[in-house]
Amino acid sequence: MIGELDQVKKIKRIRIAIISVIVAIGLIAVFSPIVKFQIEKKEIKSAKEADIVTYGNYDWKVLAVKEQKVLLVCNEFVEIKKFDESGKKVTWEDSTIRKWLNSDFYEKKFTAYEKKAIVVSEIKNQALRFGETMELKKSETVELPNTKDRVFLLSREEVQQYINPEGGRKKPMNVNETKDSWYTRTTVLGESWVITQPDENECTFNLEAGIRPAIWIDKTLF
């Protein structure tokens, strides 16, 4: 009889232990994104230009720090993709890469907490028009309709402003110093060409290239 009671008590202890483990795993699943976001908030609030911070699944370089928001660009390729899969002559507004960044990438790579702090930004868009010499250096800028995006690619102008103010070829941004090309959102008017980096005077005929997203983070939402 005593042996049977001991066996029952042992089974109860095992059940309690199993339940405790399940509860602990559940709590970790619930609170892990919150803890992660708290760490990210602390990093971004104290960030300075050129710092590397973690947000979502990636490391990001701080390009600009405003009073209420911070501009980040991914410090690595998140994907190797075409600018547009349709094969048509498109701009950023109609490109499949824009759709992918603001749907699949945005939805899958950030938690609900992280998404709330990503600003819907008014994005200024431009294209370049070749002159008679067909040289990018001598091309003129054409204004295109603005877009509203949470995630975007830097423009050629923004690369010049934030990364490469002196012009010419510079080392790319990512920590691995890859020499592979990566897309901006600046296109060549009437062509299937997109301006790529690290050389701002190079363009790609819509081939596969590196994708480095950019986002504005609202610090007031932290």
Side-chain angles (χ1 to χ4, degrees), residues 32-79 81 83-84 90-127 141 143-165 172-175 182-187 194-195 197 200 210-222:
S32 180
I34 299 175
V35 172
K36 177 174 175 285
F37 186 55
Q38 294 300 322
I39 295 171
E40 292 171 344
K41 287 198 302 183
K42 186 177 180 181
E43 272 193 354
I44 289 176
K45 277 189 172 182
S46 61
K48 303 182 293 296
E49 290 183 10
D51 282 356
I52 303 298
V53 298
T54 300
Y55 202 76
N57 292 358
Y58 301 99
D59 288 337
W60 304 73
K61 186 168 186 175
V62 179
L63 295 186
V65 179
K66 309 293 185 183
E67 185 175 343
Q68 296 184 335
K69 58 184 184 177
V70 178
L71 176 61
L72 307 178
V73 68
C74 200
N75 209 43
E76 57 191 287
F77 293 174
V78 301
E79 192 70 74
K81 293 178 76 72
F83 186 81
D84 185 72
V90 301
T91 62
W92 163 252
E93 183 178 15
D94 301 314
S95 66
T96 55
I97 197 63
R98 177 186 176 226
K99 181 179 179 181
W100 178 78
L101 285 171
N102 285 279
S103 55
D104 288 4
F105 178 79
Y106 171 76
E107 293 295 338
K108 294 177 181 178
K109 301 302 182 180
F110 301 102
T111 66
Y113 303 100
E114 292 162 343
K115 289 176 187 175
K116 289 179 181 178
I118 298 176
V119 178
V120 178
S121 303
E122 184 85 14
I123 304 299
K124 180 182 177 182
N125 294 304
Q126 298 176 330
T141 301
E143 300 296 327
L144 298 175
N146 290 355
T147 54
K148 292 183 182 294
D149 300 301
R150 290 184 174 88
V151 189
F152 54 96
L153 300 179
L154 295 177
S155 67
R156 182 177 187 242
E157 185 179 56
E158 287 164 344
V159 170
Q160 292 170 341
Q161 177 182 354
Y162 295 117
I163 300 170
N164 187 12
M173 293 181 297
N174 76 320
V175 290
W182 49 277
Y183 275 122
T184 71
R185 69 175 186 273
T186 303
T187 54
V194 187
I195 308 304
Q197 295 295 318
E200 66 191 42
I211 304 300
R212 281 195 167 112
I215 51 177
W216 279 100
I217 301 294
D218 188 343
K219 293 195 293 184
T220 66
L221 296 179
F222 285 167

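Only heavy atoms go into these numbers, but all of them, side chains included; no hydrogens, no water, no symmetry mates. We're numbering straight along the sequence, starting at 1.
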What residues form a side-chain hydrogen bond (donor to acceptor under 3.5 Å, both in side chains) with [X], not counting sequence neighbours?
{"X": "T141", "answer": "none"}
{"X": "N57", "answer": "none"}
{"X": "N125", "answer": "T147, R185"}
{"X": "K116", "answer": "none"}

Ring geometry between F110 and F105 (parallel below 30°, tilted from 30 to 60°, perpendicular above 60°) | perpendicular

Y55/W60 aromatic ring centres below 6.0 Å | no

With sequence neighbours left out, what residues match [X] under salt bridge (charged side-chain N to carboxylate O under 4.0 Å, His left out)?
{"X": "R98", "value": "D149"}
{"X": "K48", "value": "D51"}
{"X": "E107", "value": "K115"}

Mind listing the closest non-hydrogen atom pair of [X] and [Y] along with its distance?
{"X": "T54", "Y": "E43", "answer": "N-OE1, 2.8 Å"}
{"X": "F152", "Y": "L101", "answer": "C-CD1, 4.3 Å"}
{"X": "V65", "Y": "K219", "answer": "CG1-NZ, 3.9 Å"}

Of all residues at least two apart in sequence or in a different chain, which pass the side chain to side chain contact (heavy atoms under 4.5 Å, CB included) check with S103?
->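 Side chain to side chain contact (heavy atoms under 4.5 Å, CB included) check on S103 returns K99.
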
Residues which pass side chain to side chain contact (heavy atoms under 4.5 Å, CB included) with E122, listed by chain and number, not counting sequence neighbours |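 Applying side chain to side chain contact (heavy atoms under 4.5 Å, CB included) to E122 gives N146, K148.
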
